[in-house]
Enquirer: 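Have a look at this one.
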Amino acid sequence: MELSFTARNVMLGAALLGVAGGAMGSFTLLRRQSLLGDALSHAALPGICFAFLLTGSKAPLPLFAGALIAGLLGALTMLATVRWSRVKEDSAMGIVLSVFFGLGIVLLTYIQKLPTGNQSGLDKFLFGQAATLVEEDVQVMALLSVGVLALLALFYKELKILAFDREYGASLGLPMRSLEILLTLLLVVVVVVGLQTVGVVLLVATLITPAAAARQWTDRLGVMILLSAAIGAGSGVLGALVSATVPRLPTGPVIVLFASFVLVVSLFLAPRRGYLWALARERRVERRIRRENLLKDLYRVGEGGESWDRFVSLPQLMGLRGQSSARLLRSARPLLQDGLMQRQGDTVRLTDKGRREAAGVVRKHRLWELYLTRRLELPSDHVHRDAEAMEHALTDEAVTELDALLGHPELDPHGRPIPPVVAGAAGEEATA
Amino acid sequence: MSPTLVILLVGSLVAASCALVGSFLVLRKLALLGDAISHSVLPGIAIAFFLTGDRAPLPMVLGAGALGVLTVFLVELFHRSRRLKEDAAIGVVFPALFSLGVILISRYAAQVDLDLDCVLYGEIAYTPWDLVFWGSRSFGPKALWVTGGVLALNALFVATFYKELKISTFDPELAGSLGFSPTLLHYALMTAVSLTVVGSFESVGAILVVAMLVVPPATAFLLTDRLSRMLILAVALGIVSAISGYWLARWWDCSIAGAMAVVAGTLFVLALTLSPRYGLLGRLLTHRRLRERLAGQLVLLHLQQGEARLPVTLLERRFGWSRGRFQRTLRRLARAGWIEKGRDGLRLTTAGADFLDSTGGSHLAHRL
């Protein structure tokens, strides 16, 4: 596909913003200052207006400088307000955002009433008009982005400490306050880089959305920054391409939607943190609990009867926990498959292997009950419910320790025998 | 009704209803949620517009309100499931929804009477001429009805649930243990915020709503420790900002909403510097008074512990303070009659000794 000159500028600009914003956003996300980018993008507006009023030109350099100064002023106002008063960070950001932006609107309306003002085109900064990017803009953007990335790399270790443990950094003698100001300054620069491409409102998304998506995949800051920059650049380039090919599709919103899509995918699919993974984990635990409960129920029926070989009817088992037959059969199926249980018509019994595993579960339950009554001195009629939960959570090492702690007891608080360790039971447990 | 009066009334109504719910946002550290909602409702407005085909206020308010609640729901979902921090959740949800709205509008409504400027930057200056008609009779400006209705709802909400809001804002656990659900109240409050944002910004523009939600309540927060007073002060400050903002805008011939925000910001800066208890100036003065007091006590203590008479130069060398600070301290002490300057040096007077005892000087001596 042949790209027009404008489209190439837009793509370059969006890619630059994606990389710088993604890298920078990782820090602001971790420092819980996600909305600072939003406040600062709004704060830049009066600077742009002042720069235009002073120079009367729309050349990128003075406008960038104006935005930079106003953004910095907004950031310092915010930091100072939080440091020196009882006003909280979120309120301070809200104040800087709305008052600076209000001032910007005042100046903008003032400029529009000037004889030369109508064609100023300053309002492109409000919503962003990537299509108005010229080569000179992209050059300034590239210069600023490279500068930001270089400084981030140079002070990487110090900024990492700032992001995770400010007090620790201070105790090492690092100038945390100066680092904080440096990071804020870099944020202002990134904000200014992005204003013309995506506009005041959406700027925060180019910082936070890629970083939030990257965060789901990794716990390492370095990886997160690279991933975030890649997501930022990818959605930037894709967004620019799509909006260049489809008519009446503004660039900024498309970029943000691409990044948001990556975030949604990450929230669901990222290993360990993703919602789907969590769901699967939950299901696995639930299955194990159902399995262990059924084993335990059979064991208790068996130990009460004359012989382990007697079959137990399904309705009797259903009655123990008040569960439906469908549910019971669902729990029973894997036990039958694993050879822990035998079925004969509507009755079942534990196999030897099943009895060993069941004994392990009952052992955990009863040891925990004994622990609660002896060590925490709870009355014996209060401990069953707690043990119902703990029997699924205790590890084998914990059980061994518990057993030693209690002096290898033989009876639980209700006078029932605690099954001894059976050879092979631990092995079965591990494969369960 | 004169246009000026309509604008002043609409501005004051918006200021009052924003201040009522905004105070709770500020106290709950969610000041920026108003800003987020004011942007994320855009697709709701767009969809309502496509469904009804015109700019009737009711469907738009409903569509926007639904999106406002959706925003809060999504933020809570990400935050509660610990995938994202609350601020990050806000920061990813509203741009995504806003983008959706912008795309919907620019793809499908570019030719019709719905553009971003009038949705987000509603102009308070036009409110006197946008009238409500019933049949052929005019019932006055639409914005007055909408913002008046929002204020009535907010006042009713805050008055009815005042105690519950107060407890769940300052101590959510206590609220839970008292038997009412902080979550439910949170959603109720956020619905009120959404309604306020939506009801107001169509008439006055998003930026004024955001400013009025945060700035007057934060200003009031610097002036009082009582919730009831904070609410009243926030409403009053909001109305003052609206009225003086209007005249400022007339004078400068610029955006009325912008000028109102600027006045609100100026009032905040005034409170930040001059508030008796929490202002910078007050704190600076208190800090200085304490420093002076401690310096005086140290000199008195030194005189009490040491020889009967001490030459000034020796004392000055021992303390090692700057000359100005040392001389000022001595002058203050002499003026209070606590020390005497003789020819051979300084001496503690009985009044000075009494003062030292009364202020726990002996306690200080322990620590030296």
Side-chain angles (χ1 to χ4, degrees), chain A residues 29 32-35 37-39 42 81 84-95 97-110 113 123 126-127 201-209 211-213 215-216 248-250 252-257 259-260 263 267 273 275 278, chain B residues 26 29-32 34-36 39 78 81 83-92 94-96 98-103 106-107 110 116 120-121 205 207-208 210-215 217-218 221-222 249 252-255 257-262 264-266 268 272 275 278-280 283:
Chain A
L29 183 87
R32 302 192 188 183
Q33 287 188 326
S34 300
L35 295 166
D38 193 31
H42 285 79
T81 307
W84 299 111
S85 84
R86 71 198 301 235
V87 174
K88 307 288 180 294
E89 201 166 34
D90 64 305
S91 297
M93 287 183 202
I95 290 166
L97 184 154
S98 57
V99 175
F100 273 66
F101 194 68
L103 183 65
I105 296 282
V106 164
L107 292 173
L108 208 55
T109 46
Y110 175 76
K113 279 172 187 146
D123 45 348
L126 293 181
F127 296 114
V201 178
L202 294 179
L203 202 113
V204 63
T206 60
L207 292 164
I208 297 308
T209 309
R215 173 72 189 87
Q216 309 305 318
R248 282 188 286 121
L249 212 49
V254 179
I255 294 176
V256 172
L257 281 190
S260 303
L263 172 64
L267 280 171
R273 282 174 73 96
Y275 286 123
Chain B
V26 164
K29 300 187 188 127
L30 285 171
L32 285 161
D35 173 52
H39 289 109
F78 295 146
S81 66
R83 297 311 193 280
L84 297 171
K85 300 278 184 296
E86 199 160 25
D87 61 317
I90 296 175
V92 297
F94 89 82
F98 183 75
S99 300
L100 203 64
V102 173
I103 288 178
S106 52
R107 282 293 292 168
L116 288 171
L120 279 183
Y121 300 94
I207 188 58
L208 184 59
V210 177
M212 288 300 184
L213 276 173
V214 183
V215 187
F221 182 64
L222 285 172
W252 281 351
D253 191 19
C254 65
S255 153
M260 288 176 175
V262 169
T266 312
F268 174 79
L272 186 68
S275 159
Y278 299 110
L280 299 183
R283 281 176 44 154

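Throughout, a chain's letter reflects where its sequence line sits, starting with A, and its residues are numbered from 1. Because the structure is a prediction, the values reported are computed rather than measured.
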Enquirer: Does OH in B:Y278 sit with more than 12 non-hydrogen atoms of other residues, nucleotides or ligands closer than 6.0 Å?
Expert: yes
Enquirer: I need the residue from A:A92, A:G94, A:A211 with the largest number of non-hydrogen atom pairs under 4.5 Å to chain B.
Expert: A:G94
Enquirer: As an exercise, state the distance from OG1 of A:T109 to CH2 of B:W252, rounded to the nearest 0.5 Å.
Expert: 10.5 Å
Enquirer: Which pair of heavy atoms, one from B:V262 and one from A:G102, lies closest together, and at what distance?
Expert: CG2-C, 4.0 Å
Enquirer: As a quick check of understanding, evaluate side chain to side chain contact (heavy atoms under 4.5 Å, CB included) for B:F268 and A:V99, giving each step before the final call.
Expert: CA-CA 10 Å; B:F268 174 79; A:V99 175; over 6 Å; no
Enquirer: Can you tell me which of B:G258, B:P217, B:A36 forms the most heavy-atom pairs within a distance under 4.5 Å of chain A?
Expert: B:G258
Enquirer: With a 4.5 angstrom heavy-atom cut-off, could you sort out which part of B:F78 is near chain A: side chain, backbone, both or neither?
Expert: both
Enquirer: Quick check: closest heavy atoms across B:R83 and A:A278, and the distance to 0.1 Å?
Expert: NH2-CB, 3.5 Å
Enquirer: If you count heavy-atom pairs under 4.5 Å with chain B, which of A:V106, A:I255, A:L103, A:V254 comes out on top?
Expert: A:V106
Enquirer: If I measure from the heavy atoms of chain B, does A:S98 come under 4.5 Å with its side chain, its backbone, both, or neither?
Expert: both
Enquirer: NZ of B:K85: more than 12 outside heavy atoms within 6.0 angstrom?
Expert: no
Enquirer: Between B:G34, B:A261, B:A89, who has the most heavy-atom pairs with chain A when the cutoff is under 4.5 Å?
Expert: B:A261
Enquirer: If every non-hydrogen atom of A:P253 is compared with every non-hydrogen atom of B:V102, which pair is closest and at what distance?
Expert: CG-CG1, 3.6 Å
Enquirer: Taking side chain as everything from C-beta outward and backbone as N, CA, C, O, which of these in A:F100 sits under 4.5 Å from a heavy atom of chain B? Side chain, backbone, both or neither.
Expert: neither
Enquirer: Just by distance, do the side chain of A:D90 and the backbone of B:L32 share a donor-acceptor pair under 3.5 Å?
Expert: no
Enquirer: Going by heavy atoms in the side chains, are A:S91 and B:F221 under 4.5 Å from each other?
Expert: no
Enquirer: Below 4.5 Å from any heavy atom of chain B, which atoms of A:Q33 appear? Answer side chain, backbone, both or neither.
Expert: backbone
Enquirer: Once rounded to the nearest 0.5 Å, what's the spacing between atom OG of A:S34 and atom CD of B:E86?
Expert: 11.0 Å
Enquirer: If you apply the rule side chain to side chain contact (heavy atoms under 4.5 Å, CB included), what do you find for A:W84 with B:L272, and how did you get there?
Expert: CA-CA 9 Å; A:W84 299 111; B:L272 186 68; over 6 Å; no
Enquirer: Quick check against the 3.5 Å criterion: does B:D87 have a side-chain atom that pairs as donor or acceptor with the backbone of A:L35?
Expert: no
Enquirer: Please examine the side chains of A:F101 and B:V210, heavy atoms only from C-beta on, and report whether any two atoms are closer than 4.5 Å.
Expert: no
Enquirer: When only pairs under 4.5 Å are counted, which of B:L30, B:D35, B:I90 shares the most heavy-atom pairs with chain A?
Expert: B:D35
Enquirer: Select, from A:V204, A:L203, A:L257, A:L249, the one with the greatest count of heavy-atom pairs under 4.5 Å involving chain B.
Expert: A:L257
Enquirer: Not counting sequence neighbours, which residues clear side-chain contact (heavy atoms from CB on, under 4.5 Å) with A:A212? List them please.
Expert: A:L29, A:L263, B:L84, B:V92
Enquirer: Starting at OG of B:S99, measure out to CG of A:L202 and round the result to the nearest 0.5 Å.
Expert: 4.0 Å
Enquirer: Would you say the side chain of A:V201 lies within less than 4.5 Å of the side chain of B:P95, judging by non-hydrogen atoms?
Expert: no
